[in-house]
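Values below: all heavy atoms of this structure, side chains included; hydrogens, waters and symmetry mates excluded. So that the names make sense, note that chain A is the first sequence line, chain B the second, and so on, each numbered from 1.
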Number of protein chains: 2
Amino acid sequence: MTSDQTPAQRLPTLEDVAQVAGVSRATVSRVINNIRNVDPQLHKIVWDAVSTTGYVPNRAARSLVTGRTGSIALVVSEAENRAADDPFLGRFFSDPFFGRVVGGVLSVLRPSGVHLALTLAGDEDACAKVVADVRQGQVDGVVVLSLHPHDTLPRLLADAAVPAVLYGRPAAPMPISYVDVATYTGAKLAADHLAARGCQHVATISGSVDMPAGADRLHGFREAMAKQGVAYVPSYDGGFTHEGGERAMERLLAEHPETDGVFVASDVMAQGALAVLRDHGKSVPDDVAVVGFDDSSAALASRPQLTTVRQPVEDMAAEMARLLLARIDQRANRTTSVIFDPELILRASA
Amino acid sequence: MTSDQTPAQRLPTLEDVAQVAGVSRATVSRVINNIRNVDPQLHKIVWDAVSTTGYVPNRAARSLVTGRTGSIALVVSEAENRAADDPFLGRFFSDPFFGRVVGGVLSVLRPSGVHLALTLAGDEDACAKVVADVRQGQVDGVVVLSLHPHDTLPRLLADAAVPAVLYGRPAAPMPISYVDVATYTGAKLAADHLAARGCQHVATISGSVDMPAGADRLHGFREAMAKQGVAYVPSYDGGFTHEGGERAMERLLAEHPETDGVFVASDVMAQGALAVLRDHGKSVPDDVAVVGFDDSSAALASRPQLTTVRQPVEDMAAEMARLLLARIDQRANRTTSVIFDPELILRASA
DNA sequence: TGGAGGGCGGAGAGCGCTCTCCCTTTGTGC
DNA sequence: GCACAAAGGGAGAGCGCTCTCCGCCCTCCA
């Protein structure tokens, strides 16, 4: 209509919509944000104008005045003054776990229109920057995947009292929200299953015991076995890696060749353990039954496929997002924890 | 100094810094953005003021005036009117590939202070929204992981002429930048290796041949084998999945039991193929040599570990980010392709 | 010594939006 | 019929930043 026939040059603004609709900017804003009552007739006129102009709100402008960005960060943190070229983060990213978390978080964020920004916090500086970012409103809150028990980020976040949710219980008690899986229950599932199979000589390959997940899975398993009347369960630390699982299984077979049932605290380690068992000519599950933990894609890729304790990663990640959004919207201002029940997935290995 | 002693209430702005430094807002802005020459002495004074106030620029305000957001989106796209509850995306996210791309992209983005937003484009609407987002300046550009040959997003992006870079050559020729691996070279690496081992009966398990990666790996392999004097190479479609690899290997063994060398177009399929070979009592590599493609974590998790054609995913992802940033900064305004050379990684399977 | 020119800092106008205030209109009770 | 309330819409002030203009001052040359 006007002489402004240069397409893709200037984007429609609220002002343009207002002009087309014949109302004020304020009214359009009210309609779009569903604030206060607007005459239903005007309501329709405004929406029509929005679609004819092809208007989309400008995030930056909105953020500037509301002080909210409509985006949260997924922080992968492992700050413990690790060398910059340490391949640890690289290894983490190639673990399916990361992708599953992303998928879960996005499933909640997408409907609400909130953006997900990815951030790596590899050292103390980066952690400080994450905290600064959320305090300064560059993001509205953070969802944290903390990879290391001595990671300083959870503490910083708790102290700053910013909206944040952790995946997994923090290594030390602190006022911060988190989601987790009921590890003891999961370990018990594994123990009871091995006992029910009639395993007489049960052992375990644990994760790093300085991590909550590692310690809990080990203690939970021992406790459950104790309830079954088994006073002692040999354990070997596999450090949550494939190679660690192999080494642990080698030692286990050398020191306890009578073993006929193993609870391995992660599927990735279990995959390594299975390879070693095969090399030693042990049949799984007939000679040795193996139960894993996580139900990651490694469980399906293993031969035989792993019987494992399922950790509902996607659901847990989705809950993280929900908790965070609630906190940001002030619908909840207390720290909360949500614990998920694990499930025993029966496959071929036990 | 002032009565504004409420901490964590109001964040320092340019104005505050200017006041502390005793200069104007404009000068502080110039110093921070390194624009024009500013007296070196003032320069220092301003930076001192910045650190005493703890000032950090407000992204939203900056975006509003510059029209740039300082963030790009990583779009995972597979729009082909797939059902919403299709588990395909979920499977994709649990593939290590995704995480490796993220890691590569972030390695470039982090130093330049650009944020990475994650986006899923699961249907046509979502694709349109992605294009709209970048046209409307919600993000400055996109890096695309397109999972399906009939995905409409690349075409939309090319038509809109917005800053975008694809991972992998588009299924149909179009003016859009991309990075890729020299597939033919990679397939030749595999073919030559199998020939050098003395394999007499070589076959291949291909990926989906309607995807460029699938077709190229198959044709490249056949061409290279032809150069070795082998006129015909049996091929079986494994669809790029673990199970597909298993099924393809079953058929291959049934129809060509004499096979002593296989090129499998992805490590994930190769892992499935290895399991089948083991079940059939075939020794790898003595009875059958297996060469994979990708060098993903599956290659290391396989038993025996896979000899495979390495696709430098992290490097390619990093290059995507570099190309995109160059395009956004107007340093490059033509579409560009960068092709990476694959490398044969020798392990136990061939 | 006067004028031109360049280097450098300040003033101020917005970017597009939300939100508070205020005004108009309409409805309601006495 | 009047006072008051309530509801709906408009005007306009910013949010924090960049960037264009403008003016000052210092240098250099004629």
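- A:Ile35 comes within contact range of no nucleotide atom at all, as no heavy-atom separation falls under 4.0 Å.
- For the pair A:Asp39 CG and D:dG10 P, the computed distance is 11 Å after rounding to whole Å.
- Between B:Thr13 and D:dG16, a side-chain N or O to OP1/OP2 separation shorter than 4.0 Å is absent.
- Look at A:Arg59 and B:Asp133 and you find no salt bridge, because none of the NZ, NE, NH1 or NH2 atoms lies under 4.0 Å from a carboxylate O.
- Residue A:Asn58 places none of its side-chain N or O atoms closer than 4.0 Å to OP1 or OP2 of C:dC15.
- Counting to the nearest Å, the P atom of D:dG16 and the CG atom of B:Leu64 are 12 Å from each other.
- A straight line from CG of A:Leu11 to P of C:dG16 spans 8 Å, rounded to a whole angstrom.
- Comment: B:Asp329 engages B:Arg68 in a salt bridge, judged by a side-chain N to carboxylate O separation of less than 4.0 angstrom.
- Residue A:Ser29 places at least one side-chain N or O closer than 4.0 Å to OP1 or OP2 of C:dT18.
- Although no hydrogens or angles enter the test, the distance criterion places no donor-acceptor pair under 3.5 Å between the side chain of A:Ser29 and the main chain of A:Arg25.
- The CZ atom of B:Arg62 sits 19 Å away from the P atom of D:dC15 (whole-angstrom rounding).
- Between the CD atom of B:Gln19 and the P atom of D:dG16 there is a distance of 14 Å, rounded to whole Å.
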